[in-house]
Every structure is written in C-alpha cells, then in structure tokens.
Amino acid sequence: MGTMEKLVHTSFRQVKHEIIARIQKGLWRSGFLVPREIELVKEFGCSRSTVSRAMRELADEGLVERKRKAGTRVVYAPVRRARLDIPLIRKEIEATGAIYRYALIDRAIVSPPPWLLAWHKFPGRGKLIHLRCLHFANSAAFVFEDRWINLSAVPASKQVDFRRESPNEWLVNMVPFSTAEFHFFAEAASPEIGQFLSLNPGTPIFVAERSTRLGNLPITFAKLSYSAGYRMKTQLGD
C-alpha cells in the first residue's frame with residue numbers, strides 16, 4: 001500500500017478525503033479490508049470519534065460497507081439509491097443469445113470541451129481520455145459508446161489497453177463511485193452515428209447519457225447511442 005505520512009490534528013474531512021484518495025489511486029481496491037478504526041486513529045493522530053464520523057459518511061455515500069465483527073471493506077459495487085444499475089453491455093448482449101464483439105474506434109488524451117466543463121463540471125485544467133467504441137451483437141452494431149474519463153480521478157486508465165477491454169467493462173469492474181446521474185431520450189441519428197450503426201441519418205434512436213462521481217470528483221461521462229429498435233429494461237424491487 002505504501003507509507004502514508006501521518007496527519008497531525010486531523011479533521012474527519014481530512015480522514016475521509018485521504019481514504020477517498022487511496023481508493024482513487026487503487027491503493028485500496030474493491031473488497032479491500034480497511035484497517036480497524038483504532039489503527040486509523042494511530043495513523044492519523046486523531047480521536048476515535050473523528051475516524052468514526054469519516055467512516056460513517058463514506059458508508060452513507062456507498063464507498064465502503066461496514067459489518068459488525070466482519071470489519072469495513074471498500075465496496076465491490078457502490079450502493080445505488082435508485083434501482084438502476086450500470087449495465088455491462090457485454091452481458092446485456094449475451095443475455096439475448098447473441099455473440100458479443102467490441103471494437104475501439106479511436107482514443108485520445110484531450111482537454112475537456114466547453115460543453116463538458118459547463119454541464120458536468122470536469123476540472124478545467126485536467127486531461128481526459130476520450131474514447132469512441134462500438135459494441136456488436138453477432139455482426140450487427142448494437143451501441144455506439146462515446147466516453148470521457150477524468151484522468152485526475154482515474155489515473156490508472158491511462159495505462160489500460162482499451163483495444164482489448166471496453167471502458168464500460170473496465171470502469172464498472174475496477175472503479176468505485178458514490179453518485180451517478182442518468183439521462184434517457186430519443187434523438188435523430190446524425191450522419192456519423194448513422195454510419196456507425198448502419199442506419200439512415202435521421203432515424204430515431206434511443207440514447208442514454210450517464211455520469212459518475214466519487215465524492216465531488218467527476219469520474220466519467222458516457223453517451224450511448226443504440227441501434228434502432230432497442231428497448232431498455234429495468235425493474236423495481238427484487
């Protein structure tokens with residue numbers, strides 16, 4: 001995990017932010033057993049109540065799971081307050097009986113465009129990975145993925161070979177988040193999207209946009225444009 005400098009006169013916010021930083025950097029991965037509160041008290045040089053409040057807020061935000069006698073762990077999948085999960089496109093396609101295939105169209109490291117800065121409050125001086133990908137069901141294009149990843153929040157993403165693994169799958173499996181925002185709407189396929197999805201420009205398509213954050217730090221924004229005829233399925237309850 002590496003040696004972390006002891007914080008003197010630490011507030012619960014500092015403890016909380018330090019733990020979030022360790023999760024972001026991959027030092028504490030999903031399933032990691034967090035040190036006991038008494039150990040964190042010694043490390044940070046603060047009171048038991050300070051650590052307890054920090055851990056309570058992290059649990060409320062869905063970043064860690066606390067169980068009596070079993071300890072506290074970084075969550076495998078963050079708690080969703082709504083009954084909308086972030087799906088794995090591969091599993092969604094395979095559930096239909098089709099063969100899944102993925103292709104990376106292009107990848108670039110860029111500054112955030114003005115619309116992303118204004119809408120999703122990405123850091124203005126940071127860099128993003130911009131990925132455009134296609135997911136196929138058998139030989140037919142199923143969904144076009146336009147993805148932006150905040151390198152300040154997910155520095156490990158810079159080393160990932162997204163030619164082999166889709167950003168959808170990698171992020172869902174590897175990067176925890178505390179909040180997610182979803183938008184669903186219909187729009188006419190642009191000439192570019194029509195080309196990727198083998199549709200005539202102007203064809204009505206279903207679009208899903210989602211953004212995730214860890215605390216106040218944006219992680220990723222994705223726009224998913226589905227081929228004609230796609231139907232979204234969700235549920236309430238078990």
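Within the 3.5 Å criterion, the main-chain N or O of R231 finds no donor-acceptor partner in the side chain of Y226. Counting only distance, with no hydrogens or angles, the side chain of D161 and the backbone of R163 share a donor-acceptor pair below 3.5 Å. With hydrogens and angles ignored, the 3.5 Å screen pairs no side-chain donor or acceptor of N150 with any backbone N or O of T220. Although no hydrogens or angles enter the test, the distance criterion places a donor-acceptor pair under 3.5 Å between the side chain of R73 and the main chain of G31.
Note on V41: it does not cluster hydrophobically with F12, by side-chain heavy-atom contacts below 4.5 Å among ILVMFWY residues. Tracing side-chain contacts under 4.5 Å through hydrophobic residues (I, L, V, M, F, W, Y), one never reaches L33 starting from I20; they form parts of separate clusters.
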Report the C-alpha separation of I19 and W28 in whole Å, then their side-chain angles, then the decisive distance to 0.1 Å, and conclude whether the side-chain contact (heavy atoms from CB on, under 4.5 Å) test is met.
-> CA-CA 8 Å; I19 292 173; W28 291 6; 3.7 Å; yes
Might you work through the side-chain contact (heavy atoms from CB on, under 4.5 Å) test for R53 and R56, ending with a clear yes or no?
-> CA-CA 5 Å; R53 181 172 177 182; R56 185 169 64 252; 3.6 Å; yes
- Message: Between V15 and C46, is the side-chain contact (heavy atoms from CB on, under 4.5 Å) condition met? List the steps.
- Response: CA-CA 9 Å; V15 174; C46 61; 4.3 Å; yes
Check: What do the steps show when you test L151 against S157 for side-chain contact (heavy atoms from CB on, under 4.5 Å), and what is the final call?
Finding: CA-CA 7 Å; L151 280 171; S157 62; 3.5 Å; yes
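Taking CZ of F221 as the start and CD of E209 as the end, the distance is 4.0 Å to the nearest 0.5 Å. Distance NZ/K127 to OG/S152: 11.0 Å, rounded to 0.5 Å. To the nearest 0.5 Å, the span separating CD on E192 from CG on D146 amounts to 8.0 Å. Atom CD of residue E65 and atom CG of residue L58 lie 13.5 Å apart, to the nearest 0.5 angstrom.
In this structure, Y100 has its ring center at least 6.0 angstrom away from the ring center of F142.
Sorted by first and then second residue, the salt bridge (charged side-chain N to carboxylate O under 4.0 Å, His left out) pairs involving residues 32-41 (not counting sequence neighbours) are R36-E39, E37-R48, E37-R66. Residue pairs meeting the salt bridge (charged side-chain N to carboxylate O under 4.0 Å, His left out) criterion with at least one partner in residues 100-112, sequence neighbours excluded, are D106-R132.
Of all heavy-atom pairs between P191 and P201, the closest is CA-CG, 4.0 Å. In terms of heavy atoms, S166 sits closest to F162 at C-CD2, 4.1 Å. For G194 against A189, the heavy-atom pair with the smallest separation is N-CB, 4.3 Å. For the pair I129 and L131, the tightest heavy-atom approach, listed with the atom from each and the gap, is CG2-CG, 3.7 Å.
Crowding of N138 atom CG: a count of heavy atoms from other residues, nucleotides or ligands under 6.0 Å exceeding 12.
Under the 3.5 Å distance criterion, with hydrogens and angles disregarded, a donor-acceptor pair is assigned to the side chains of S47 and T50.
For the side chain to side chain contact (heavy atoms under 4.5 Å, CB included) test, residues two or more places apart in sequence or in another chain that qualify with T179 are R213. For E145, the side chain to side chain contact (heavy atoms under 4.5 Å, CB included) criterion is met by I89, C133, H135, R147, P167, N168, L224, not counting sequence neighbours. Considering only residues two or more places apart in sequence or on other chains, E165 meets the side chain to side chain contact (heavy atoms under 4.5 Å, CB included) condition with E169, W170.
Proximity of M55 to L40: side-chain heavy atoms (C-beta onward) are separated by under 4.5 Å at one or more points. At a threshold of 4.5 Å between non-hydrogen side-chain atoms, the residues Y102 and R164 do not count as touching. Residues L128 and L116 form a side-chain contact, since some pair of their non-hydrogen atoms from C-beta on lies under 4.5 Å apart.
We find that E57 and K16 are joined by a salt bridge, their nearest charged nitrogen and carboxylate oxygen being less than 4.0 Å apart. Using a cut-off of 4.0 Å between Lys/Arg side-chain N and Asp/Glu carboxylate O, E187 and K223 are scored as salt-bridged.
If you chain together ILVMFWY residues whose side-chain heavy atoms come under 4.5 Å of each other, F136 ends up grouped with I105, L134, F144, F185, I193, F196, L197, L199, I205, V207.
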